[in-house]
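Heads up: the structure comes next, in C-alpha cells.
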Amino acid sequence: MTGRGWRRLTVQNWFVVMIAAITIVVGICTVVGAVMLERTNRLSDHLTDRLSPARIEGTELQTVLVDQETGVRGYLLTDNRQFLEPYASGVVAERRQYELIEGLLRDRPDLVKGLHEIRDAAAAWRKEYAEPLIADKQAGKEISAVRAESGKPAFDQVRALLAAQNDRLSKARDDARTELAAVHNLRNWAFIAMPIFFLIFGVAIAVLLRRAVGRPLDELRVASRHVAAGDFNHHIPAHGPADIREVALDVEAMRTRIVAALESSREHEAMLSSQAADLDAQAVELRRSNAELEQFAYVASHDLQEPLRKIATFCQLLAKRYGDVLDERGAQYIHFAVDGATRMQGLINDLLSYSRVGRLYDARRPVNLELKLDKALQNLAATLEETGAVVERPDALPPIVGDPTLLSLLWQNLIGNAIKFRHPDRPPVIRVECEQVQEKEWRFCVMDNGIGVEPEFADKIFVIFQRLHSREAYSGTGIGLAMCKKIVENHGGHIWLDTSHGGDGARICFTLRTDTPSAETRIAAATSSTRGSSS
C-alpha cells in the first residue's frame, strides 16, 4: 500500500489491519507448531509402533529359524520325531513373523527387501536340505554325517541375512531416534521463538499504532487544550488516520470561526462600549428629565390646582353676591368658568394618578382579590344603590401577586365604567368571571348589559383621553380604561375588549399572574403604556 493509501485509513481501519496482521502471524505460528507436532508425533509413532516392534519381531524370527535348524539336526542325529515339533511349529511361526514384520515395515521398502531375502533363503534351505533329509530319514535311509552337515552353509547364509537385517533395523531405529531428537530440539526452539516473536511483533504493533494513531491524537489534544485555554491563534495540526485528520480539520475550522467571531465580538464590544457611554449620557438626561417631571407633578398637584380652586371659589362668590344683578347670560358665563375649573382639576388629578402607576404604587406581595373587589364595591356603594346595579361575582378568586392599591383601583374602574355606560332602559347587571388559562396565569372578565362598544373601537377605548361620547352625554376625562391597561400590563398581563361577545353590553377581559412578573415583562408594559400615552 502506498503512502497515500495509508493516509486514507481511519483509526478503525488501522485496528482492522493490525488485527489482520496478528491473525496472520498467529496462523503462521499455529501452522508451524502443528507441523512440528505432527512431525514429532509421526517420528515417535514410527519409532515406537513400527521400527522397535519390527526389531523385536526380527529377533523372534531369528529364534524361530534357529529352532527349525536345531530340530532338523536333532531329528537327523537321534531319529526322534519329537525334534520335528520345533521345526513344524517354527515353520508356522515363521510365516506369521513374516506377515507381522512386513506389515510393520510396509513404508520401508529397503527393509522389506531384506526380509524377502531372508524368506527366500530360508525357503531354499528347507527345500534343498531340510525337507529332503527329513523325507529320507522317515523312509529309513541312512544319512551320512557329510550329508547331514551339508545344509550348514545354506543356513549360515540365512544367519548372515538375519544379522544384516537386524543391523539395518537397529540402524533405522537409531536414525529415527536421532531425527526425533533433532525434531524435538527444533520444535522446542520453535516454541521458544514464538513468544519472543509475539513479543517483538506486539512491540512493533504498539510502536506503529503509537506513531500512526496515538501521536496524532496527542497532537490534536494538546492543540485543542491550547485553544481551550484561550490561545485562539494556535494552529490545529491535521496528521494521522483519515478520521483523526477530519476531526482536526473540523476543529481547525471551528477555531477559525471562533477567531472570526472573537474579532467580530471585539468590534461589537467596542461599539457597545460606545453605546454604553451614550446610554449613560441618556440616563443622566433621563434622570434630569424625571426630576423635571417630578417637579411638574408637584406643580400640577399644588401650584396649578390652587389658582383653579380660587377661580372656582371667586366665580361662585360672584354668582352668590351679584346673582340678582347679572342677567341670564352673565350667570351662564360664571357657570362655564366654574365648570371648566372643576373639570381642569379633575383632569389634573386623573393625570397624576395615571403617572403614579408603576412609579409610586409598585408594592409586590400576595393580594386577596376578593378583598380588593369588596373594597371597590364599597367605594362604589352609593353609585350602585343609586342606579340599582347588581354585581354577580364568582364564589372565590385566586390570590395574585401585585400591588393592593392598584388592583383595587382596577376593579373600581372596570365596575364603575360598566355602571357609567349602562343602558337607559334596564338596570345594570355586572358579572365578574374567573378562569385559569395556564399555570400561574388567570383570566378575569367583567361583563355588563350596557350600551356596549363597537368592535372597531376595541383598541381606542384603552388610549388615554380617547372618548367615544361627548361630555354632555357621559362625564369623565377618558382616562379610566387607560389606567386599567397600565395597571394590568404593569402586573405582567394584558387587557382587551372581547369582540366575540355576542350578547348586550361589553365584556372586558384581562389576565393576571400568581407570581411576580419578570423585569422584561414590566419594561415592555411600561414601554407599551408610554406609547399609549403619547398617542
Side-chain angles (χ1 to χ4, degrees), residues 1-17 206-293 358-359 362 364 438-441 489-490 492-494 513 515-535:
M1 186 178 292
T2 63
R4 179 170 294 182
W6 286 112
R7 289 175 57 83
R8 287 198 295 266
L9 294 180
T10 64
V11 174
Q12 181 179 0
N13 297 142
W14 271 103
F15 278 100
V16 170
V17 170
V207 172
L208 183 59
L209 285 177
R210 171 65 184 168
R211 293 176 60 86
V213 178
R215 185 178 297 176
L217 283 175
D218 290 341
E219 293 176 355
L220 178 59
R221 182 176 65 253
V222 171
S224 299
R225 287 179 177 176
H226 277 290
V227 175
D231 185 8
F232 297 109
N233 292 324
H234 189 85
H235 177 69
I236 304 295
H239 301 144
D243 48 355
I244 295 180
R245 292 200 310 276
E246 290 179 1
V247 172
L249 292 175
D250 291 340
V251 175
E252 174 65 15
M254 181 177 64
R255 184 194 67 82
T256 304
R257 289 195 295 271
I258 290 175
V259 170
L262 183 61
E263 293 297 330
S264 178
S265 66
R266 287 172 179 169
E267 294 176 359
H268 290 163
E269 184 178 2
M271 182 178 64
L272 289 175
S273 298
S274 175
Q275 292 178 352
D278 295 340
L279 288 176
D280 290 339
Q282 293 178 5
V284 173
E285 179 65 21
L286 185 60
R287 284 193 292 270
R288 185 191 62 78
S289 176
N290 286 337
E292 292 179 353
L293 288 175
R359 184 169 57 88
D362 198 16
R364 300 288 168 173
Q438 291 182 9
E439 184 180 3
K440 297 183 180 181
E441 184 175 4
E489 291 180 348
N490 187 257
H494 64 285
R513 297 183 61 82
D515 58 350
T516 304
S518 62
E520 292 79 1
T521 303
R522 296 171 61 186
I523 291 174
T527 304
S528 176
S529 298
T530 303
R531 291 173 181 174
S533 300
S534 63
S535 61

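For the atom pair L249 CG and T256 OG1, the distance stands at 10.0 Å (nearest 0.5 Å). To the nearest 0.5 Å, atom CZ of residue R513 and atom CD of residue E439 are 9.0 Å apart. A distance of 11.0 Å separates CG in L279 from OG in S273, rounded to the nearest 0.5 Å.
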For a side chain to side chain contact (heavy atoms under 4.5 Å, CB included) check, start with the C-alpha distance between M271 and E267, then their side-chain angles and the critical distance, and finish with the verdict. CA-CA 6 Å; M271 182 178 64; E267 294 176 359; over 6 Å; no

Please determine whether side chain to side chain contact (heavy atoms under 4.5 Å, CB included) holds for the pair M254 and V251, giving the CA-CA distance in whole Å, both sets of side-chain angles, and the decisive distance to 0.1 Å. CA-CA 5 Å; M254 181 177 64; V251 175; 4.3 Å; yes

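A salt bridge links R266 with E263; the closest basic N to acidic carboxylate O contact falls under 4.0 Å.
In this structure, the side chain of S264 does not engage the main chain of A260 through any donor-acceptor pair within 3.5 Å.
Applying the side chain to side chain donor-acceptor pair (under 3.5 Å) test to R257 and every residue at least two apart in sequence or in another chain returns nothing.
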